[in-house]
Number of protein chains: 2
Amino acid sequence: MKTNKDYSENLKQSGLKITKQRVAILDILDKSKQPIAAEEVYENLKSNNISINLSTVYRTLELLTSKNLVLKVSIDGNSKSLFETNNMMHKHYLICTECKKILDIYYCPLENYEKELEQETHFKISGHRLDIYGLCPQCQKKINGGKNNI
Amino acid sequence: MKTNKDYSENLKQSGLKITKQRVAILDILDKSKQPIAAEEVYENLKSNNISINLSTVYRTLELLTSKNLVLKVSIDGNSKSLFETNNMMHKHYLICTECKKILDIYYCPLENYEKELEQETHFKISGHRLDIYGLCPQCQKKINGGKNNI
DNA sequence: ATGCAAATGCAAATTATTTGCATTTATTAT
DNA sequence: ATAATAAATGCAAATAATTTGCATTTGCAT
Ligand SMILES: [Mn+2]
Ligand SMILES: [Mn+2]
Ligand SMILES: [Zn+2]
Ligand SMILES: [Zn+2]
């Protein structure tokens with residue numbers, strides 16, 4: 001039912017061998033709606049009866065990140081690095097401080113600002129990281145039982 | 001020549017005991033132009049012949065962070081947490097990818113954007129983190145020996 | 001000065017991640 | 001298809017940063 005063709009293609013284009021572990025990892029990441037930790041990838045694979053070693057997961061994620069097939073994300077307050085498929089789009093994260101849900105935001109309000117900053121500071125700016133924190137609608141409701149606003 | 005009065009006052013106001021270790025740590029952080037790692041604080045103290053244990057440094061930095069006297073900063077690509085005096089101002093960091101120098105930026109280009117985002121996403125936004133990466137003027141020179149621009 | 005909670009030192013534990021090395025596997029050439 | 005070989009994997013052990021338990025010391029209120 002499933003074609004892992006895409007993953008194999010990506011691997012091949014990066015000059016990497018196609019192994020069931022790598023394809024499986026790319027598959028897990030692609031299925032996940034959120035960036036996930038190495039250990040989650042590992043547990044996920046085990047649940048799917050795919051035998052793999054945790055160090056292989058780490059090595060593979062690191063490798064795929066170096067080939068830009070995967071993005072490594074570190075979120076404040078989370079001691080583990082998270083990983084997600086790299087869809088090659090510049091983005092920011094909107095993170096619910098309560099349920100830790102992470103939303104992707106593809107609009108960037110900083111393009112002009114970066115130019116201004118280059119002129120002011122004489123830095124040659126190469127990129128930025130923007131994480132926005134807040135409460136998602138669901139967690140807002142849960143917290144103030146539906147009524148008591150500020 | 002130096003009065004550690006200020007630090008003692010801060011500690012007292014936070015309901016913490018005034019110990020020579022705490023005062024010394026606050027002193028080191030205040031003298032540093034950059035956020036520094038726990039171990040750097042520790043080494044710095046040793047150089048100043050102040051006897052302290054590394055776990056005390058960690059415990060103290062964590063405690064001072066919880067009391068908002070200190071800010072804990074984690075920069076992408078740096079495995080250690082960094083700490084700096086909290087001057088109670090909202091800010092962003094401009095980081096040189098070459099020499100790792102960190103500059104504080106006190107202007108925030110995101111205030112209006114946050115409001116827009118609240119309306120679009122129905123999140124209740126509480127804050128954000130913005131790190132900007134680039135090459136500082138000095139590192140630009142070092143890298144393209146003074147001449148060969150793009 | 002005394003008492004006691006809080007702070008410190010020290011060693012051991014923990015967590016996330018990495019590494020060395022023997023074995024297996026994917027790919028290339030026959 | 002087979003063999004050769006470089007790369008990938010598994011496993012156990014190592015590492016790095018940080019944390020914790022517990023005995024001892026210290027700051028501060030009385
Ligand atoms: Mn952006
Ligand atoms: Mn801001
Ligand atoms: Zn939420
Ligand atoms: Zn620099």
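Just so you know, these numbers use all the heavy atoms, side chains as well, and skip hydrogens, waters and symmetry mates. Chain naming here is simple, since letters A, B, ... match the order of the sequence lines and numbering starts at 1 in each.
Nucleic acid contact class of A:K80 (heavy atoms, under 4.0 Å, all strands): sugar-phosphate only. Residue contacts for A:R59: at a heavy-atom cut-off of 4.0 Å it reaches a base atom on one of the strands shown.
In terms of position along DNA chain C, the nucleotide closest to B:S55 lies nearer the 5' end than the nucleotide closest to the other residue of the pair A:T19 and B:S55. Residues B:K20 and A:K72 each lie close to DNA chain C; by heavy-atom proximity, the contact nearer the 5' end of the strand is made by B:K20. If you find the closest nucleotide of DNA chain D to B:E39 and to B:L16, the one lying nearer the 5' end belongs to B:E39. With DNA chain D read from its 5' end, the first of the two nearest nucleotides for A:T56 and B:S79 is the one closest to A:T56.
Rounded to whole Å, atom P of D:dG10 lies 9 Å from atom OH of A:Y42. Taking atom NZ of residue A:K17 and atom P of nucleotide C:dT24, one finds them 15 Å apart after rounding to whole Å. Straight-line distance from the CG atom of B:L54 to the C1' atom of D:dA17: 9 Å, rounded to whole Å. In this structure, B:I18 places its CD1 atom 12 Å from P of C:dT8, rounding to the nearest Å. We find that NZ of B:K12 is positioned 13 Å from P of D:dG27, with the value rounded to whole Å. With rounding to whole Å, B:L11 atom CG is found 14 Å from D:dC28 atom C1'. The CD atom of A:E40 sits 11 Å away from the P atom of C:dA16 (whole-angstrom rounding). One can place CD1 of A:I52 at 17 Å from P of C:dT24, the figure rounded to the nearest angstrom.
The phosphate of C:dA26 has neither OP1 nor OP2 within less than 4.0 Å of any side-chain N or O from A:R22. Within the 4.0 Å cut-off from OP1 or OP2 of C:dG9, at least one side-chain nitrogen or oxygen of B:Q21 is found. For the pair A:Y58 and C:dT17, the criterion of a side-chain N or O lying under 4.0 Å from OP1 or OP2 is met.
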Check against side chain to side chain contact (heavy atoms under 4.5 Å, CB included), B:I50 and B:N44: CA-CA 9 Å; B:I50 294 164; B:N44 211 320; over 6 Å; no
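Two rings, from A:Y133 and B:F123, have their centers 6.0 Å or more apart. Remark: aromatic rings of A:H128 and B:H92 are distant, center separation not under 6.0 Å.
Base pairing of D:dT25 is made with C:dA6, judged by Watson-Crick or G-U wobble geometry with both donor-acceptor distances under 3.5 Å.
For the residue pair B:K100/B:Q34, the side-chain donor-acceptor check at 3.5 Å is not satisfied. Defined by atom type and a distance below 3.5 Å, a donor-acceptor pair is missing between the side-chain atoms of A:N53 and A:Y42.
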